[in-house]
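Step one of this worksheet: look at the structure below.
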Protein chains: 2
Amino acid sequence: MNNDTNEVRREQPGVAEAAAGPDWKPVSRSSTYELVIDAVEEQIMTGSLGVGDPLPAERDLATKLGVSRASVREALRVLDSLGVVRSSGGSGRGAGTFIAAMPSAALTRFLRLHVALTNFSIDDVTETRIQLERSSAILAATRADKDALAEVNAQLAMMDTPGISLETFNDADTAFHVAIAQAAGNQLFSDLTGAIRTSLRKSIFSSFSRVDDQQALMAKLQSQHHGIMDAITTGRAEEAAALTEEHIRFAASRLPGLSDT
Amino acid sequence: MNNDTNEVRREQPGVAEAAAGPDWKPVSRSSTYELVIDAVEEQIMTGSLGVGDPLPAERDLATKLGVSRASVREALRVLDSLGVVRSSGGSGRGAGTFIAAMPSAALTRFLRLHVALTNFSIDDVTETRIQLERSSAILAATRADKDALAEVNAQLAMMDTPGISLETFNDADTAFHVAIAQAAGNQLFSDLTGAIRTSLRKSIFSSFSRVDDQQALMAKLQSQHHGIMDAITTGRAEEAAALTEEHIRFAASRLPGLSDT
DNA sequence: GGCCTTTGTGAGGTCAGACCATTAATCTGA
DNA sequence: TCAGATTAATGGTCTGACCTCACAAAGGCC
């Protein structure tokens with residue numbers, strides 16, 4: 001951990017250079033695999049490729065683009081890790097690489113790594129979660145989609161199971177919050193909410209194990225869950241938001257090491 | 001765009017299987033490159049690797065892990081695209097692969113691709129942006145960090161330049177909003193805000209070109225910017241938030257094709 | 001001695017080609 | 001007709017080679 005002279009922190013995205021003078025363009029010098037990504041991305045941007053569509057076989061794509069298969073694979077791996085592409089071996093129908101749409105895992109890994117690198121503090125992440133979930137609660141209370149709320153209730157019931165294990169409780173807890181976001185009808189809310197919870201899963205879990213009376217804490221959290229759900233079901237949007245914020249702040253304050261303060 | 005039978009959508013993260021019975025674990029069957037990523041990630045999680053630290057040379061790492069260099073490279077490419085690692089050639093000081101911390105570009109590409117794939121609707125993204133920026137405005141008004149606010153003012157002044165080009169205005173606009181998030185002191189807010197704006201850059205730009213009186217719209221937006229900044233500077237937090245939300249909704253409504261409604 | 005040039009070395013970047021594992025489609029024979 | 005064997009196409013992995021680049025050390029010039 002020798003935080004030495006390497007200046008590798010904090011590029012700003014899309015920020016115009018405030019300085020005047022001859023603004024030299026950075027002359028990107030993209031690497032080969034970046035060019036392959038760009039080629040695929042362009043097809044996506046222009047609508048030539050959509051979810052479910054197949055990409056050419058790696059060997060074909062390499063030939064078409066005039067690069068080696070290794071470079072194509074590096075590009076596809078990146079797109080795969082972003083949840084944009086899915087590959088499977090074999091032959092015939094279903095074999096090959098396809099455009100996919102699985103952003104959750106990618107978001108989760110991204111957050112998990114950058115939180116571990118202390119790029120994003122846990123407080124920052126928690127604050128983001130609060131804002132998202134406040135909004136989710138309001139939207140969920142307003143729209144009141146019955147099917148979506150049923151899923152929330154299912155998770156609530158799961159957590160009501162007597163003698164439930166900490167792990168099961170925690171997973172149902174995550175699912176509960178994600179289900180509310182889902183009920184709000186905003187996919188980005190829901191994916192971000194899930195990613196934040198999942199990326200903190202280990203920390204939450206180990207933090208929970210250090211709590212004195214785990215059953216009491218779980219009971220308290222669960223009673224808050226019921227309060228939130230009541231407010232959502234009866235359409236008290238602002239109250240649902242307030243209870244959600246209170247709930248998250250309460251949990252953060254009770255789990256040692258999860259909060260910087 | 002043949003959205004056929006491929007079931008590649010919407011995995012849920014960390015959601016416990018509600019079903020009972022013998023719950024078979026998916027027996028991950030991780031690929032080699034995933035194992036390499038895991039190996040690096042573990043070093044990061046345990047704190048053995050932090051920002052600025054060097055990784056072993058690709059060839060060394062391949063030997064140590066007992067895999068081929070190709071697999072190591074695929075893993076490093078993924079970490080690179082996530083902004084977790086930075087590589088440079090050459091020799092001696094500064095050569096090799098290092099742990100880095102550059103999440104913005106990764107977030108931007110992620111959002112850009114998934115928005116293009118209509119995984120996240122523009123409305124979803126805009127709503128997220130509103131919630132984040134409301135919060136940023138409140139925090140910025142409360143904390144009132146002079147240095148940070150100076151940057152906001154710099155961008156404001158840039159946009160006041162007479163006869164400014166659409167492109168310059170748009171970039172300064174992005175920088176303005178990012179600077180406010182920065183002033184809020186939440187890195188995730190600021191990176192997300194920047195990523196959202198940047199990932200929509202092309203759409204915003206082409207949308208703007210179809211507006212009748214561009215100068216009038218820019219003037220209107222800029223007057224809203226001034227209003228927001230006034231509220232922040234004088235510590236009227238709630239008003240700053242309200243003006244920010246109004247500003248974003250106004251812009252979305254005026255840019256054809258940016259809003260689904 | 002001090003500065004410049006040359007050479008060496010080690011790192012990532014790219015490529016070509018081979019082989020393996022898996023799977024669907026096809027062929028073959030009872 | 002149908003079960004089994006074969007084939008072909010695809011991603012997965014590995015090997016080893018060569019390139020470029022940038023610093024570092026050695027050497028040569030003043």
Side-chain angles (χ1 to χ4, degrees), chain A residues 4-8 26-40 52-100 102, chain B residues 4-8 26-40 52-100 102:
Chain A
D4 59 33
T5 55
N6 288 300
E7 57 270 342
V8 287
V27 70
S28 50
R29 291 277 297 126
S30 273
S31 50
T32 305
Y33 91 105
E34 285 281 2
L35 298 176
V36 176
I37 293 183
D38 290 348
V40 176
D53 290 344
L55 265 66
E58 292 179 354
R59 293 165 175 86
D60 293 353
L61 196 51
T63 305
K64 277 177 190 152
L65 298 179
V67 301
S68 75
R69 193 181 159 208
S71 297
V72 169
R73 282 186 57 79
E74 289 179 6
L76 291 183
R77 287 263 122 109
V78 169
L79 292 173
D80 181 86
S81 82
L82 288 172
V84 168
V85 130
R86 175 208 55 149
S87 291
S88 29
S91 147
R93 179 195 74 81
T97 304
F98 297 84
I99 302 293
M102 316 172 80
Chain B
D4 61 300
T5 57
N6 289 299
E7 57 271 343
V8 287
V27 70
S28 50
R29 291 279 297 123
S30 273
S31 48
T32 304
Y33 92 105
E34 285 280 1
L35 298 177
V36 176
I37 293 183
D38 290 347
V40 176
D53 291 344
L55 263 65
E58 292 178 354
R59 293 165 173 87
D60 292 353
L61 196 51
T63 305
K64 278 177 189 151
L65 298 178
V67 300
S68 73
R69 192 182 160 209
S71 297
V72 169
R73 283 185 57 80
E74 290 179 6
L76 291 183
R77 288 266 121 108
V78 169
L79 292 173
D80 182 86
S81 82
L82 288 172
V84 168
V85 130
R86 175 210 52 151
S87 291
S88 30
S91 155
R93 180 193 73 79
T97 303
F98 297 84
I99 302 292
M102 316 172 80

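First the proteins, then the strands, lettered A, B, ... as listed; each starts at 1.
Atom-to-atom distance recorded for Ser71(B):OG and Leu65(B):CG is 10.0 Å, nearest 0.5 angstrom. Taking CG of Leu61(A) as the reference point, atom CZ of Arg69(A) lies at 11.0 Å (rounded to 0.5 Å).
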Anything under 3.5 Å between a protein N or O and an N or O of nucleotides 23-27 of chain C, put it in a table, one pair a line.
| residue | atom | partner | partner atom | Å |
| --- | --- | --- | --- | --- |
| dT23(C) | O2 | Ser91(A) | N | 3.3 |
| dA24(C) | O4' | Ser91(A) | O | 2.8 |

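In this structure, of dT14(C), dG13(C), dG11(D), it is dG13(C) that holds the atom nearest to the side chain of Arg59(B). The side chain of Glu58(B) lies closest to dG13(C) when the candidates are dG13(C), dT10(D), dT13(D). Listed candidates were dT15(D), dG12(C), dT13(D). Nearest to the side chain of Ala57(B) is dG12(C).
Rounded to a whole Å, the CG atom of Leu79(A) is 15 Å from the C1' atom of dG11(D). Per the geometry, CG belonging to Leu35(B) stands 8 Å off P belonging to dT13(D), to the nearest Å. One can place CG of Asp60(B) at 6 Å from P of dA11(C), the figure rounded to the nearest angstrom. Taking atom CD of Glu34(A) as the reference point, atom P of dG12(C) lies 17 Å away to the nearest angstrom. Look at CZ on Phe98(A): it is 10 Å from P on dT10(D), rounded to the nearest Å. With rounding to whole Å, Asp80(A) atom CG is found 16 Å from dT13(D) atom C1'. In this structure, Leu55(B) places its CG atom 13 Å from P of dA11(C), rounding to the nearest Å.
Annotation for Gly94(A) and Ser88(A): closest pair O-OG, 3.1 Å, computed over non-hydrogen atoms. Taking both residues in full, the closest heavy atoms of Ala62(A) and Val72(A) are given as CA-CG2, 3.6 Å, listed atom of the first, atom of the second, then distance.
In the interface, the side chain of Arg69(A) is paired with the base of dG12(D) through a donor and an acceptor atom under 3.5 Å apart.
An end-to-end axis angle of 20° holds for the helix from dG1(C)-dC30(D) to dA30(C)-dT1(D), taken from five base pairs per end and rounded to 10°.
With sequence neighbours left out, Thr97(B) forms a side-chain contact (heavy atoms from CB on, under 4.5 Å) with Leu55(B), Leu76(B), Val85(B), Ser87(B). Not counting sequence neighbours, the partners of Glu34(A) by the salt bridge (Lys or Arg N to Asp or Glu O under 4.0 Å) test are Arg109(B). Take Arg73(B) and apply the salt bridge (Lys or Arg N to Asp or Glu O under 4.0 Å) test, not counting sequence neighbours, and it matches Glu74(A), Glu58(B). When the side-chain hydrogen bond (donor to acceptor under 3.5 Å, both in side chains) test is applied to Thr32(A), no partner is found at least two apart in sequence or on another chain.
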Run the side chain to side chain contact (heavy atoms under 4.5 Å, CB included) check on Leu35(B) and Val67(B) step by step: do they pass? CA-CA 10 Å; Leu35(B) 298 177; Val67(B) 300; over 6 Å; no
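A sub-4.0 Å separation between OP1 or OP2 of dG12(C) and a side-chain N or O of Arg77(B) is absent. Of the side-chain N and O atoms in Ser87(B), none sit less than 4.0 angstrom from OP1 or OP2 of dA11(C). Applying the 4.0 Å criterion to OP1 and OP2 of dC21(D), one finds that Ser88(B) has every side-chain N and O outside that range. Contact annotation: Ser68(B) side-chain N/O to dT13(D) OP1/OP2 distance is not under 4.0 Å.
The side-chain heavy atoms of Val40(A) and Leu79(A), taken from C-beta on, include a pair separated by under 4.5 Å.
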